[in-house]
Amino acid sequence: MNDATDRAPAGEAWPFQEARKILARLARRPKKEVFFETGYGPSGLPHIGTFGEVQRVSMVRQAFRDLAPEIATRLVAFSDDMDGLRKVPGNIPNQAMVAQHLGKPLTSIPDPFGKYESFGHHNNAMLRDFLDRFGIEYEFRSATDQYKRGVFDATLLKVLERHDEIAAVVLPTLGAERKETYSPILPISPKSGRVLQVPLVERKVDAGTVVFRDEDGTLTEVPVTGGHVKMQWKCDWAMRWAAFDVDFEMSGKDLIDSVKLSSQIVRVLGGEPPIAPIVELFLDEKGEKISKSRGNGLTIEEWLKYASTESLGMFMFHAPQRAKKLYFDVIPKNFDDYLGQLAAYREQDANARKQNPVWFIHQGKPPAEDVPVTFGLLLNLVAAANTDDPKVLWGFVSRYAPNATPEANPILDSMVGYAIRYYLDFVLPDKKHRAPTDLERAALEDLVKTLAALPAGADAEAIQNQVYEVGKRHGFTSLRDWFKAMYETLFGQSAGPRMGSFIALYGVPETIALVRRALAGELVGEAV
RNA sequence: GGGCGCGUAGCUCAGUGGUAGAGCGGCAGACUUUUAAUCUGUAGGUCCCGGGUUCGAACCCCGGCGCGCUCACCA
């Protein structure tokens, strides 16, 4: 139907390669709309892997829209909020209350935070807030809602009908103990509300019901439709694939076996598995898996504190099938890679642009801003300039890029903000002001007088000369020591900016005040 | 045990069949009447090993070696 599937140029960006697989799937199963799914477990808050998955899927969607603009697409963020709670998370309030509801669907447990209709609703809200921050276009669906509204009913009845075939697929993968009680259908107790992992006593295909022993031992019959049962999770996944006819869903390497199993199950249900690429996991600095509970690696909040969403997108774009270390040092590199690609984009033709990461990151519409300095340079600059004031930092930036302004260069302006946060968190804590020696004290007092005597509007060069003269007058063996003394007593660092430029930007009266504070001993021990 | 990934400069890594690269670090220099920054130049590789395919292989195939992750209970 579409010869696009036949031309997959070597070296083409991976989202296009995935999109072509979707086109091939469509050729086998023609339909009007393509369904992209990302799934979310109920436990825990969104993390960097969550973001990576949804952003990467968006990139494939972007490529697909380019290949087949006539076909509608839908990206569904699906929350498995009907899952029974197994253990109480350690990071929530009201643990005792939640503990009373173990085994129940998350949407049947009161919100321990007291804000939402249920714990599940709370987690869903967190997830949506999270996704909304990135401007990613998606549609949210709740498992509880979909089960109850009967969206899955037809497929659930098919599961009931083909129960034994599904069990035959799953059983060989289970341990001996679990085999005894296994059923892909988990009834929800009408009495306790808990999701039960119990053997089914009877399956009534015609009636669409199952019979099981409830927790109190009484034989109970419930329909498989309308949210009275929940599917065991691998089957749940497969059932969803079948019910929605999902075309594309990515997953981490830890789910390789689950993808295989669910693919088999979806075939039993008469469906076809989606294109389901496996991506590698994120590793920390030492090459170990990033885990929320261990708190290693980098969180998404940390990344976004020091760099932009787009730079994170750059990280996510590159080689998803490769394990990547995610720790602080990779941020500047990805930021600068992003800026480099953004600059290159403007010079590229239409074909080259579609291989450029920024085309995917910005959904085909990257900004046109010219960013004259790199993030790496800014990080150096902010440490050298020794300031947390954006105006001062901008002053230094202007020396490199005379025409840049915060208004005309919003990306650069945001970089200034990120650099300052970096300064506050990494540079400032290491600052240690020391008291001046007698020699230095005399020179600093001289500096105050000299600066005060300067004509109004003295430029950086003139100030620099005067600072230098002060050093000469006070017999430093090397003038290097004089400047070093100023950095150590005024800034708490052994290195600093060119003094003339700094004073011109920072202000002569302000500098005098700073020196006086150093002389009075007010800076010693500050900002540790 | 199964699966997946990785192995390229001192470090971190790009590089999917066509002259081995970048950043950082090193060294030398320029500029700045300090430093940092900036700029220029430069050194540094058995592309893990062995075979194969090819006119041509870091890249594709086969076989090794090494490192790491992951699954096997639950989701």
Side-chain angles (χ1 to χ4, degrees), chain A residues 8-14 17 39-44 80 82-87 106 172-179 182 186 195 197 230-237 251-262 277-291 318-325 327-330 332-334 336-337 340 373-386 396-397 399-400 460-461 464-472 476-488 491 493-502:
Chain A
E12 179 176 59
W14 66 267
Q17 297 181 14
Y40 300 92
S43 60
D80 188 14
M82 201 159 130
D83 190 47
L85 183 69
R86 265 160 212 79
K87 62 176 183 186
L106 285 142
T173 70
L174 297 175
E177 195 175 331
R178 184 74 177 100
K179 271 182 192 170
Y182 183 79
L186 311 177
V195 183
Q197 298 194 8
K230 161 98 173 73
M231 301 288 296
Q232 184 269 341
W233 92 272
K234 286 175 196 171
C235 306
D236 202 49
W237 206 8
S251 31
K253 162 172 100 157
D254 52 334
L255 294 182
I256 289 175
D257 290 338
S258 303
V259 169
K260 282 184 190 163
L261 195 68
S262 293
I278 299 292
V279 299
E280 267 282 357
L281 305 173
F282 296 112
L283 308 177
D284 70 3
E285 193 167 3
K286 287 177 292 193
E288 294 173 6
K289 180 186 177 182
I290 286 184
S291 144
H318 182 255
Q321 78 287 2
R322 267 172 96 134
K324 289 212 300 270
K325 293 183 183 177
Y327 58 101
F328 186 80
D329 302 30
V330 306
K333 175 177 163 48
N334 278 281
D336 286 334
D337 280 354
V373 300
T374 66
F375 192 53
L377 171 60
L378 265 188
L379 291 183
N380 285 324
L381 199 58
V382 75
N386 235 302
F396 282 92
V397 167
R399 292 174 55 201
Y400 295 96
E461 198 57 32
Q464 177 77 4
N465 285 335
Q466 288 307 309
V467 172
Y468 196 84
E469 288 304 319
V470 170
K472 277 187 184 169
F476 286 92
T477 47
S478 159
L479 282 169
R480 181 173 299 214
D481 293 338
W482 162 230
F483 284 97
K484 199 168 178 220
M486 283 190 282
Y487 299 135
E488 289 176 353
F491 302 138
Q493 292 199 308
S494 59
R498 178 189 305 280
M499 288 308 294
S501 309
F502 175 80

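A quick note: this is a predicted structure, and the numbers were derived from the prediction, not measured. A, B, ... follow the sequence lines: proteins, then strands. Residue 1 opens every chain.
Using atom C1' as the reference point in both B:rG50 and B:rC65, the two lie 10 Å apart (nearest Å). When the C1' atom is compared between B:rA9 and B:rC69, the two are found 26 Å apart, to the nearest whole Å. If you take atom P in B:rG41 and the same atom in B:rG5, they sit 40 Å apart, rounded to whole Å. A gap of 30 Å separates the C1' atoms of B:rG10 and B:rU34, to the nearest Å. Taking atom P on both B:rC59 and B:rG3, the two are 23 Å apart, rounded to the nearest angstrom. Distance check on atom C1': B:rG21 versus B:rG15 gives 7 Å, rounded to whole Å. Taking atom C1' in both B:rU46 and B:rA57, one finds a spacing of 15 Å when rounded to whole Å. Only the P atoms considered, B:rU42 is 29 Å distant from B:rG7, to the nearest whole Å.
Of the side-chain N and O atoms in A:Q197, none sit less than 4.0 angstrom from OP1 or OP2 of B:rC73.
For the pair A:L261 CG and B:rG3 P, the interatomic distance rounds to 17 Å; values are reported in whole Å. As rounded to whole Å, 15 Å separates atom P of B:rU34 from atom CH2 of A:W482. Atom C1' of nucleotide B:rG2 and atom NZ of A:K260 are separated by 8 Å, given to the nearest angstrom. Rounded to a whole Å, the CH2 atom of A:W237 is 16 Å from the P atom of B:rC74. In this entry the distance linking CG of A:L255 with P of B:rA72 reads 9 Å, nearest Å. To the nearest angstrom, C1' of B:rA37 lies 17 Å from CZ of A:F375. Rounded to whole angstrom, the span from the CD atom of A:Q232 across to the C1' atom of B:rC73 amounts to 12 Å. Separating the CG atom of A:D336 from the P atom of B:rA22 is a distance of 16 Å, rounded to the nearest angstrom.
Using N1 to N3 plus N6-O4 or O6-N4 for Watson-Crick, or N1-O2 and O6-N3 for G-U wobble, each under 3.5 Å, B:rG3 pairs with B:rC69. Both distances falling under 3.5 Å, in either a Watson-Crick or a G-U wobble arrangement, occur for no nucleotide opposite B:rU35. Nucleotide B:rA58 is matched to nothing when pairs are restricted to Watson-Crick or G-U wobble geometry with both distances under 3.5 angstrom. Nucleotide B:rG17: unpaired (no Watson-Crick or G-U wobble partner with both distances less than 3.5 Å). For B:rU42, the paired base is B:rG26 (Watson-Crick or G-U wobble, both distances below 3.5 Å). Across all strands shown, B:rG63 forms a Watson-Crick or G-U wobble pair, both distances under 3.5 Å, with B:rC49.
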Give me, pair by pair, the N or O atoms of the protein and of nucleotides 10-15 of chain B that are less than 3.5 Å apart, along with how far apart they are.
residue: B:rA14; atom: OP2; partner: A:R322; partner atom: NH2; Å: 2.7

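The side chain of A:D257 lies closest to B:rC71 when the candidates are B:rC74, B:rC71, B:rC4. Here the nucleotide nearest the side chain of A:S258, chosen from B:rG3, B:rC74, B:rA75, is B:rA75. Ranking B:rC71, B:rG3, B:rC74 by closeness to the A:L174 side chain, first place goes to B:rC74.
Between A:L261 and A:T173, some side-chain heavy-atom pair lies under the 4.5 Å cut-off.
Summarising the geometry of A:W237 relative to A:L255, their closest heavy-atom pair is CH2-CD1, 4.3 Å, with the distance given to 0.1 Å. Nearest approach of A:K179 to A:L174, heavy atoms of both residues: CE-O, 3.3 Å. Between A:L85 and A:L106 the shortest heavy-atom distance is CD1-CD2, 4.1 Å.
Within 4.0 Å of A:I278, counting heavy atoms only, lies no atom of the nucleic acid at all.
Residues meeting the side chain to side chain contact (heavy atoms under 4.5 Å, CB included) test with A:P320, sequence neighbours left out: A:W14, A:R56, A:V279. Residues that satisfy the salt bridge (Lys or Arg N to Asp or Glu O under 4.0 Å) test with A:D337, not counting sequence neighbours, are A:K333. Legend: residues meeting side-chain hydrogen bond (donor to acceptor under 3.5 Å, both in side chains) with A:R86, ordered by chain and number and at least two apart, are A:D83. Every residue was checked against the salt bridge (Lys or Arg N to Asp or Glu O under 4.0 Å) condition with A:K234, not counting sequence neighbours, and none meets it. The side chain to side chain contact (heavy atoms under 4.5 Å, CB included) test applied to A:I278 returns A:S251, A:K253, A:I256, A:V259, not counting sequence neighbours.
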